[in-house]
Amino acid sequence: MSDDRTEPESVRSVAEPDGAERRRPAETRFDQARWTTDGTYEPLLAEKDLTRVEVGADDAGLPDALTRDSVELPALSEPELARHYTRLSQMTYGITSGPYPLGSCTMKYNPPFTEDVGALPGAAVHPDRSDESIQGTLELTFRLQDYLGRIGGMDAVTLQPPAGAAGEFVGIRVASAYHEHNGEGYRDEVIVPESAHGTNFATAALGGYDVVSLPSDEDGRVDLEALEAALSENTAALMLTNPNTLGLFERDIGEIAEMVHDVGGLLYYDGANLNALLGRARPGDMGFDVMHYNVHKTFATPHGGGGPGAGPVGVVEELAPFLPAPRVRRTDAAGGPDANESADAPVGEGRYELFDPEHTIGKVHGFHGNWLVLVKAFAYIARLGDEGLADASAKAVLNANYLASQIEYEVPYGPVHHEFVASAGDQDAADVAKRMLDYGVHPPTTKWPEIVSEALMTEPTEVESKATLDQLAAAFDAVAAEDDATLEAAPERTSARRIDQVAAARNPRLSWQALDDD
């Protein structure tokens, strides 16, 4: 594809302090794949070949109302089909395309070996089989509960919730059930700092609580005076993300936990940013009572967009009786429950069974949760081990701080952990994001958190190399030097040009047939 456009001189290279040159996007030109050079879309299969092949329906044993005698398909060869779907994949941006620094969404690379493990014949277990016939499945479930409990410093874990948001809701429901059981159902407030993960506000409201928003202090952390004023006998919980969405660790977490517990409230940990702490700090040791794990963010399972995913929930011992049913436990040689919830026993020893916690909130998902997602999380944790997980968090923190130090945009808070929030200043953050697409990188999250004006929330994760971080920094700096007219016209080189985001959100077209509505 020919393109005569040239980039500003600042895009091509920049002198480092030692005189070395940092790579710039213009040195490796970028254009998303298109069907034609004028930017028209990849045609539908039906539009590529008007010839039709009639295919008879096999006897599938389905009701007549759900079948048809035959179907007409485009007469395309296998290579034509393969190229069609390959081009479609090239027209979208994913973690296998390049860096994906979407702040707090932790879009890390998913290693294919976990997919291989999930595809093993032994993993394809029908969910309605008896406990005796799925002892391997139950053992893996039990061991993953144990792994997650150790990582988070929690005493008990449920794997049922099918997504991180579902895990949040389960955690709040467990907290609610705990207070009801103790005769304190009058607690009707949940405190959420403005630096918390964005879903916390919605989760608390969906759980039936009044949301008390907590301002940050001048350092971007929890304001202890404001927290003291917000706490009361009506406090059910404080939902906290640590490090918070500015990438800052709550230095006063011990005091915060004590303040919440002194009024009878619970401390909830949002696991969105657990990637910063792996192998180095545990929420349970900080005083958190309940937490959810985003396995797609921390343990490299697919990002399900609300499902199919997994959002396990861990709790301290006194909340364990309220977890969803069923859970998995190991029994001793005599057939009774093993008091030790740890998975220290050699692989294959003992018997595993499902049980209902004493005061369970009930079932929140069918059978064992999203089983194959959990298998992938187990494989990732087992392969990395303690040292690998600690190394991942170290590199996540290192990468975020390095990238923050290399860009021209102001980063008002720091040093940070796994992510940082820069300010686009006089530029519109949404325009900056759209223009970055033209330089072959995915942009950061924009406009949030509102603590930072024109926020650019950026999380490079541990998987990116220094060369890739330099490429990201170059894209940031190139856009920072451009005028408003250029930004407002972006993106220019993507398969889809600038869209009306409001119209797209209010009037989604979810199938190709909807294109005919115009």
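In what follows, residues are counted from 1 in the order of the sequence shown. The figures here come from the full heavy-atom set of this structure, side chains too, leaving out hydrogens, waters and symmetry mates.
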Under the 3.5 angstrom rule, does the side chain of Arg282 hit a backbone N or O of Gly152 as a donor-acceptor pair? no

Derivation of the side chain to side chain contact (heavy atoms under 4.5 Å, CB included) call for Asp217 and Val222: CA-CA 6 Å; Asp217 63 17; Val222 169; over 6 Å; no

Just checking Arg383: does its CZ atom have more than 12 heavy atoms from other residues, nucleotides or ligands closer to it than 6.0 angstrom? no

Within the structure provided, determine whether Gln427 and Asp431 are in side-chain contact (heavy-atom separation under 4.5 Å). no

Residues at least two apart in sequence or cross-chain that pass ring pair (Phe, Tyr, Trp, His ring centres under 6.0 Å) with His181, listed by chain then number, are Phe322, His359

Check Thr245, Leu240, Ile256 against Pro193 for a side chain to side chain contact (heavy atoms under 4.5 Å, CB included) and give me the one that passes. Leu240

Do Asn273 side-chain atoms and Gly247 backbone N/O form a donor-acceptor pair below 3.5 Å? no

Quick one, Tyr293 and Pro312 - any side-chain contact, counting heavy atoms below 4.5 Å? yes

Would Asp146 and Arg330 count as a salt bridge (Lys or Arg N to Asp or Glu O under 4.0 Å) if you check the C-alpha gap in whole Å, the side-chain angles of each, and the deciding distance to 0.1 Å? CA-CA 11 Å; Asp146 175 67; Arg330 186 179 60 222; over 6 Å; no

Report, as yes or no, whether the 6.0 Å neighbourhood of atom CG on Asp500 holds more than 12 heavy atoms from other residues, nucleotides or ligands. yes

So CE of Met291 and OH of Tyr268: to nearest 0.5 Å the spacing works out to 8.5 Å

State, with a plain yes or no, whether a side-chain heavy atom of Val190 is found less than 4.5 Å away from one of Met239. yes

With no hydrogens and no angle check, is any side-chain donor or acceptor of His442 less than 3.5 Å from a backbone partner on Leu102? no

Under a 4.5 Å cut-off applied to non-hydrogen side-chain atoms, are Leu277 and Phe249 in contact? yes

Any donor-acceptor pair under 3.5 Å linking the side chain of Thr301 with the backbone of His296? yes

For Leu266 and His179, what are the C-alpha separation, side-chain angles and deciding distance, and is it a side chain to side chain contact (heavy atoms under 4.5 Å, CB included)? CA-CA 9 Å; Leu266 297 174; His179 289 309; 4.0 Å; yes

With no hydrogens and no angle check, just 3.5 Å: does a side-chain donor-acceptor pair link Lys434 and Gln501? yes

Atom CG in Asn401, atom NE2 in His417: separation rounded to 0.5 Å? 8.5 Å

Taking the six-membered ring for Trp, are Tyr93 and Tyr100 closer than 6.0 Å centroid to centroid? yes

For Ala281 and Met286 the tightest heavy-atom approach is CB-CE, 3.8 Å

Atom of Ser423, atom of Pro412 and distance for their closest heavy-atom approach: N-CD, 4.5 Å

For the residue pair Tyr178 / Glu318, report whether a side-chain donor-acceptor contact shorter than 3.5 Å exists. yes

When rounded to the nearest 0.5 angstrom, what distance separates CG in Leu138 from CD in Gln145? 9.5 Å

Derivation of the side-chain hydrogen bond (donor to acceptor under 3.5 Å, both in side chains) call for Glu168 and Asn200: CA-CA 8 Å; Glu168 280 189 34; Asn200 292 174; 3.2 Å; yes

Any chance you could measure Ser453, atom OG, to Ile451, atom CD1, to the nearest 0.5 Å? 12.5 Å

One pair to check against salt bridge (Lys or Arg N to Asp or Glu O under 4.0 Å): Lys363 and Asp356. What are the steps and the verdict? CA-CA 9 Å; Lys363 185 180 285 293; Asp356 291 355; over 6 Å; no

Determine whether Val212 and Val192 satisfy the following criterion, side chain to side chain contact (heavy atoms under 4.5 Å, CB included), listing intermediate values before the conclusion. CA-CA 6 Å; Val212 179; Val192 183; over 6 Å; no

Is there a side-chain contact between Met107 and Pro99 in this structure, where contact means two heavy atoms from C-beta onward sitting under 4.5 Å apart? no

Tyr409 vs Val479, side chain to side chain contact (heavy atoms under 4.5 Å, CB included): CA-CA, chis, key distance, verdict: CA-CA 10 Å; Tyr409 289 112; Val479 176; 3.8 Å; yes

Of all heavy-atom pairs linking Arg280 and Ser393, the shortest is NE-OG, 3.0 Å

His261 side, atom NE2; Met259 side, atom CE - distance, nearest 0.5 Å: 12.5 Å

Nearest heavy-atom contact between Ser104 and Met457 is CB-CE, 3.9 Å

Do Asp155 side-chain atoms and Glu317 backbone N/O form a donor-acceptor pair below 3.5 Å? yes

Check for me whether Arg143 meets the cation-pi criterion with Phe378, that is, NZ or CZ under 6.0 Å from the six-membered ring centre and within 45 degrees of the ring axis. no

Of all the heavy-atom pairs spanning Leu374 and His368, show the shortest one and how long it is. CD1-O, 3.4 Å

Exam field: side chain Thr458 to backbone Gly103, donor-acceptor pair closer than 3.5 Å: no

Please step through salt bridge (Lys or Arg N to Asp or Glu O under 4.0 Å) for the pair Arg435 and Asp438, ending with a clear verdict. CA-CA 5 Å; Arg435 181 57 174 159; Asp438 286 331; 2.8 Å; yes

Test salt bridge (Lys or Arg N to Asp or Glu O under 4.0 Å) applied to Asp219 and Arg251, step by step: CA-CA 11 Å; Asp219 293 328; Arg251 294 183 296 237; 3.6 Å; yes

Glu462 pairs by salt bridge (charged side-chain N to carboxylate O under 4.0 Å, His left out) with which of Lys108, Lys297, Lys395? Lys108

Would the distance check show the side chain of Gln135 and the main-chain N or O of Asp131 forming a donor-acceptor pair, the cut-off being under 3.5 Å? yes

Closest non-hydrogen atoms of Ile361 and Ala177, given as atom of the first, atom of the second and distance, are CG2-CB, 3.7 Å

Rounded to the nearest 0.5 Å, what's the gap from CD1 on Ile191 to OH on Tyr209? Could you check? 12.5 Å

Flag side-chain contact, heavy atom, 4.5 Å: His418 against Pro243: yes

Phe299 and Leu148, any side-chain heavy atoms less than 4.5 Å apart: yes

Determine which pairs satisfy salt bridge (charged side-chain N to carboxylate O under 4.0 Å, His left out) with at least one residue from residues 170-189, sequence neighbours left out, and list them in order. Glu184-Arg187

side-chain hydrogen bond (donor to acceptor under 3.5 Å, both in side chains) contacts touching residues 230-243 (sequence neighbours left out): none

Side-chain contact test, heavy atoms from C-beta onward, threshold under 4.5 Å: evaluate it for Val315 versus Val174 and give yes or no. yes

Donor on one side chain, acceptor on other, Glu459 and Thr106, under 3.5 Å: yes

Hey, is the main chain of Ala396 close enough, under 3.5 Å, to the side chain of Thr461 for a donor-acceptor pair? no

Identify whether the distance between the nearest side-chain nitrogen and carboxylate oxygen of Asp386 and Arg150 falls below 4.0 Å. no

Answer yes or no: is there a donor N or O on one side and an acceptor on the other, between the side chain of Thr141 and the main chain of Thr137, under 3.5 Å? yes

